[in-house]
Amino acid sequence: MSSYRSAGKTVKFKGQEYVLEELTENSFDKPIDIALFSAGGSTSEKFAPIAAAHGCIVVDNSSAWRMNPEVPLVVPEVNPYDIDWNRGIIANPNCSTIQAMVPMKPLHDKYGIKRVVYSTYQAVSGSGIKGIKDLEEGLKGNDIMVAYPHPIAGNCLPHIDVFTDNGYTKEEMKMYNETRKIMHSDVQVSATCVRVPALRSHSESIWIETERPVSVEEAREAFANGEGL
């Protein structure tokens, strides 16, 4: 499915060509088992319930459903069991939360995590094509800013999404809220999210405090046995 602008275009998948259809309220009248949504929050808010009402399982990549108490927020290596109570919509977390959850899972299972401090260094691809354009134009010496309030080329911006009343940005609060929901824990969380002048690949530093003592050797063993690591 696509927007009306892309309807009629073709995409190739596994050697076969498919014609894109415009997403409408009638798109799910035909049998569809699983739909992957990645078209923004407003699209997901409107169409995910329609798809679910037709018996389709929606896996949503936007922020629209992540903190809804009736929607599981799932990282497959961490809390796959939460899928069991879905009502037709399953949310996946923010990209920075996902990559943090996977290595934290084996440590939390064995030693308990009570406090987390995140520092993320996020590539411009996280802002979509506009972020990529800002960096590429900046590297050419052009003073063009579409995605960011300041030049990103040769710079780091500790400002991802808008600031909230508590001084954290929405991106930082996503990591706070999503970590606690996925871990089913009141773990203390603080995050600092920085946009860096790299095209792709996010990086992050994670400082944790565990409930029980853990040595470096024990942590490495936990990582070695962790799923997806």
For Met145 and Pro151, work out which heavy atoms get closest and say how close. SD-N, 3.3 Å
Are the side chains of Thr179 and Tyr118 in contact, using a 4.5 Å heavy-atom criterion? yes
Taking all heavy atoms of Ala48 and all of Val58, pick out the closest pair and write down the distance. O-CG2, 3.9 Å
Before you tell me yes or no, could you show the steps for Glu77 and Lys105 under side chain to side chain contact (heavy atoms under 4.5 Å, CB included), namely the whole-Å CA-CA distance, both residues' side-chain angles and the distance that decides it to 0.1 Å? CA-CA 8 Å; Glu77 299 88 347; Lys105 166 69 172 174; over 6 Å; no
Counting C-beta onward and ignoring hydrogens, is there a side-chain heavy-atom pair between Ser185 and Ile113 closer than 4.5 Å? no
Charged N to carboxylate O below 4.0 Å: is that the case for Arg66 and Glu178? yes
Under a 4.5 Å side-chain heavy-atom rule over Ile, Leu, Val, Met, Phe, Trp and Tyr, are Leu139 and Val196 clustered together? no
The reported gap from CG in Asn94 to OG in Ser62 (rounded to nearest 0.5 angstrom) is 11.5 Å
Return the OG to CD distance between Ser203 and Gln99, rounded to the nearest 0.5 Å. 7.0 Å
Straight-line distance of Glu137 CD to Ile132 CD1, nearest 0.5 Å: 12.5 Å
Whether Phe13 and Tyr18 hold their rings parallel, tilted or perpendicular, with breakpoints at 30° and 60°: tilted
Under 3.5 Å, is there a donor-acceptor pair between the side chain of Arg212 and the main chain of Lys110? yes
Could you tell me if Ser190 and Tyr168 have a donor-acceptor pair between their side chains, going purely by distance under 3.5 Å? yes
Lys181 side chain near Asn177 side chain, heavy-atom distance below 4.5 Å: no
Whether Ser27 side chain and Thr24 backbone form a donor-acceptor pair below 3.5 Å: yes
Path from Ile182 to Met173 over hydrophobic side-chain contacts below 4.5 Å: yes
With a 3.5 Å distance limit and no angle check, can you tell me whether Thr192 reaches the backbone of Ser119 through a side-chain donor-acceptor pair? no
Is there a donor-acceptor pair closer than 3.5 Å between any side-chain N or O of Arg195 and the backbone N or O of Ala123? yes
Output yes when a side-chain donor or acceptor of Arg115 lies under 3.5 Å from a complementary backbone atom of Val187, and no otherwise. no
Could you check whether any side-chain N or O of Glu211 sits under 3.5 Å from a backbone N or O of Lys114, counting only pairs where one atom can act as donor and the other as acceptor? no
Value rounded to 0.5 Å, distance of CD in Glu204 from SG in Cys193: 8.0 Å
Would you name the heavy atoms of Cys56 and Ile34 that are closest together and state the gap between them? SG-C, 3.9 Å
Can you get from Val116 to Val102 by hopping between Ile, Leu, Val, Met, Phe, Trp and Tyr side chains that sit under 4.5 Å apart? yes
Main chain of Val146, side chain of Asp134: is a donor-acceptor contact present, judged purely on distance under 3.5 Å? yes
Which heavy-atom pair separates Phe37 from Thr43 by the least distance, and what is that distance? CE2-O, 4.4 Å
To the nearest 0.5 Å, what is the distance between OG (Ser63) and CG (Leu73)? 11.0 Å
Would you tell me whether Ser127 and Tyr148 have side-chain atoms, one donor and one acceptor, within less than 3.5 Å of each other? yes
Before giving the answer on side chain to side chain contact (heavy atoms under 4.5 Å, CB included), spell out for Lys46 and Glu25 the whole-Å C-alpha distance, their side-chain angles and the decisive distance to 0.1 Å. CA-CA 9 Å; Lys46 178 178 179 179; Glu25 294 180 0; 3.4 Å; yes
Measure the spacing between CG of Leu157 and NE2 of His150 and express it to the nearest 0.5 Å. 7.0 Å
Check whether any side-chain heavy atom of Pro72 sits under 4.5 Å from a side-chain heavy atom of Ile83, and report yes or no. no
Would you say the side-chain atoms of Asn166 and Thr164 include a donor-acceptor pair closer than 3.5 Å? yes
Side chains of Ser96 and Glu171, heavy atoms from C-beta outward: is any pair under 4.5 Å? yes
Check whether any side-chain N or O of Asn86 sits under 3.5 Å from a backbone N or O of Asp82 as a donor-acceptor pair, and report yes or no. no
State whether the number of non-hydrogen atoms from other residues, nucleotides or ligands found under 6.0 Å of Asp29 atom CG is greater than 12. yes
Output yes when a side-chain donor or acceptor of Asn79 lies under 3.5 Å from a complementary backbone atom of Tyr81, and no otherwise. no
Are Val124 and Ile129 connected in the hydrophobic side-chain network, where two residues link if heavy atoms are under 4.5 Å apart? no
With hydrophobic residues grouped by side-chain heavy-atom distances under 4.5 Å, do Ile32 and Val59 end up in a single group? no
Between Thr120 and Gln122, do the side chains contain a donor N or O and an acceptor N or O under 3.5 Å apart? yes
Here the pair of heavy atoms bringing Ala35 nearest to Phe28 is CB-CE2, 4.1 Å
Just by modelled atom types, is the Tyr176 backbone N or O under 3.5 Å from a matching donor or acceptor in the Arg180 side chain? no
Where do Pro106 and Leu229 come nearest, in terms of heavy atoms and distance? CG-CD1, 4.1 Å
Is the closest side-chain heavy-atom distance between His54 and Lys30 below 4.5 Å? no
Would you mind checking if Arg87 and Glu70 are paired as a salt bridge, meaning a charged N to carboxylate O distance below 4.0 Å? yes
